[in-house]
Amino acid sequence: MRLDLRTIIHRPGAELPFEHTLDLSQVDLFEACPFAHPVHIHGMVRNRAGALELKAVVDTTLELVCDRCLKPFRQEMELPVEHLLAETLEQEEDDDILLLEDGQLDLDEVFTTDVILAMEPKHVCSEDCKGLCPKCGADLNEGPCRCKADVDPRLAVLAQLLDKESDD
Ligand SMILES: [Zn+2]
Ligand SMILES: [Zn+2]
């Protein structure tokens, strides 16, 4: 959807609220489709002394897979977004300003970029997630596995230290 800002571009103090829903269900990220639910956007563009300022909040429910225990889980996403908009760039190196085309802003393009760049590369179902045993693959959240008993971390450290000494 294109948001037409021509009615407020030359009117300092003018405001234009907007709502939009993105369908990102086809977006493949981290070998999964995290955007199974609609992505809602509520925002407002304000003309502040001739400069256009966009403020919005993006919210959706993400379908993620835990990096530690590999279980799927859901997480709410609420992302505040701010941009400055302009019809022309005065300084070419200013990447933070979004350019309008014919006084319009492509909401799909802007918010798809914002949402994807805001995604964390790692996800855990809970900060306390114990993950899977690297040896047998058991889910350690459901209790200790059998191989845990035979690896004593103190003995492993001792063995390493003693090994080093005998090398010298
Ligand atoms: Zn987990
Ligand atoms: Zn194990």
Side-chain angles (χ1 to χ4, degrees), residues 1-134 137-142:
M1 184 181 108
R2 290 178 154 267
L3 184 65
D4 193 342
L5 296 166
R6 284 174 291 189
T7 53
I8 67 164
I9 270 180
H10 302 296
R11 287 178 50 214
E15 297 181 341
L16 185 71
F18 65 92
E19 283 189 24
H20 186 47
T21 302
L22 289 181
D23 177 5
L24 299 182
S25 57
Q26 303 303 313
V27 174
D28 206 19
L29 199 63
F30 319 121
E31 294 161 32
C33 295
F35 307 106
H37 305 276
V39 178
H40 300 291
I41 302 154
H42 300 263
M44 171 91 86
V45 181
R46 286 190 183 87
N47 185 325
R48 294 220 161 169
L52 291 182
E53 188 183 84
L54 179 152
K55 283 190 182 180
V57 175
V58 181
D59 69 87
T60 189
T61 304
L62 301 171
E63 295 286 343
L64 300 168
V65 175
C66 178
D67 282 313
R68 290 187 202 155
C69 70
L70 306 181
K71 274 199 195 122
F73 69 102
R74 285 184 177 178
Q75 193 176 68
E76 299 302 316
M77 179 191 216
E78 194 175 287
L79 177 70
V81 171
E82 288 190 34
H83 290 293
L84 290 176
L85 315 176
E87 284 186 286
T88 52
L89 284 188
E90 283 166 23
Q91 289 159 318
E92 288 204 5
E93 66 273 21
D94 204 339
D95 295 333
D96 292 339
I97 296 183
L98 298 179
L99 269 189
L100 303 178
E101 281 174 53
D102 300 326
Q104 300 176 48
L105 185 69
D106 187 333
L107 294 180
D108 295 285
E109 190 183 310
V110 169
F111 287 100
T112 299
T113 307
D114 285 337
V115 167
I116 289 179
L117 290 183
M119 290 291 288
E120 303 281 344
K122 291 275 171 198
H123 307 100
V124 283
C125 62
S126 133
E127 283 306 316
D128 308 326
C129 176
K130 295 185 177 73
L132 303 180
C133 169
D139 186 346
L140 300 176
N141 296 308
E142 287 165 11

Steps toward side chain to side chain contact (heavy atoms under 4.5 Å, CB included) verdict (H83, D114): CA-CA 10 Å; H83 290 293; D114 285 337; 2.8 Å; yes
Under the side chain to side chain contact (heavy atoms under 4.5 Å, CB included) rule, what do L84 and E53 come out as? Steps first, then yes or no, please. CA-CA 5 Å; L84 290 176; E53 188 183 84; 4.2 Å; yes
Go through the steps for V110 and L54 under the test side chain to side chain contact (heavy atoms under 4.5 Å, CB included), then give the verdict. CA-CA 11 Å; V110 169; L54 179 152; 5.6 Å; no
Verdict with supporting geometry, V58 and F111, side chain to side chain contact (heavy atoms under 4.5 Å, CB included): CA-CA 8 Å; V58 181; F111 287 100; 3.7 Å; yes
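Counting heavy atoms from C-beta outward, V81 and I41 have side chains that stay 4.5 Å or more apart. Side-chain contact check for L22 versus T60: every heavy-atom pair is 4.5 Å or farther apart. Within the 4.5 Å cutoff, the side chain of D59 has no heavy atoms near those of the E76 side chain. Residues F35 and V115 have side chains in contact (heavy-atom distance under 4.5 Å, counting atoms from C-beta outward). In this structure, E87 and L52 have side chains that are not in contact, with every pair of non-hydrogen atoms separated by 4.5 Å or more. Annotation: side chain of K55 is in contact with side chain of E82 (closest heavy-atom distance under 4.5 Å).
Scanning all heavy atoms of the two residues, the minimum distance from G137 to L132 falls at O-CD2, 3.8 Å. Minimum interatomic distance between A56 and F18 (heavy atoms only, all atoms of both residues): CB-CZ, 4.3 Å. Listed here is the closest heavy atom pair of C66 and C129: SG-SG, 3.8 Å. Looking at every heavy atom in both residues, V65 comes nearest to F73 through C-CE2, 3.7 Å. Minimum interatomic distance between M77 and A118 (heavy atoms only, all atoms of both residues): CE-CB, 4.2 Å. Among all heavy-atom pairs drawn from R68 and S126, the shortest one is NH1-O, 3.9 Å.
In this structure, the separation between CG on D23 and NE2 on H37 is 12.5 Å, given to the nearest 0.5 Å. Expressed to the nearest 0.5 Å, how far CG of D139 lies from NZ of K71 amounts to 4.0 Å. Interatomic distance, CG of N47 versus CG of L16, reported as 11.0 Å (0.5 Å rounding). The CE atom of M119 sits 5.0 Å away from the CG atom of L62 when rounded to the nearest 0.5 Å. Taking CD of E63 as the start and CD of Q75 as the end, the distance is 11.0 Å to the nearest 0.5 Å. Atom CZ of R46 and atom CG of L85 lie 12.5 Å apart (nearest 0.5 Å).
For D106, there are no side-chain hydrogen bond (donor to acceptor under 3.5 Å, both in side chains) partners, not counting sequence neighbours.
By the neighbour-count criterion of 12 heavy atoms within 6.0 Å, atom CG of D28 is densely surrounded, having more than that number from other residues, nucleotides or ligands. Counting heavy-atom neighbours within 6.0 Å of R11 CZ, excluding the residue itself, gives a total of 12 or less.
Looking at D67, its side chain does come within 3.5 Å of a backbone N or O of H123 through a donor-acceptor pair. The closest donor-acceptor contact from the side chain of D4 to the backbone of R6 lies under 3.5 Å.
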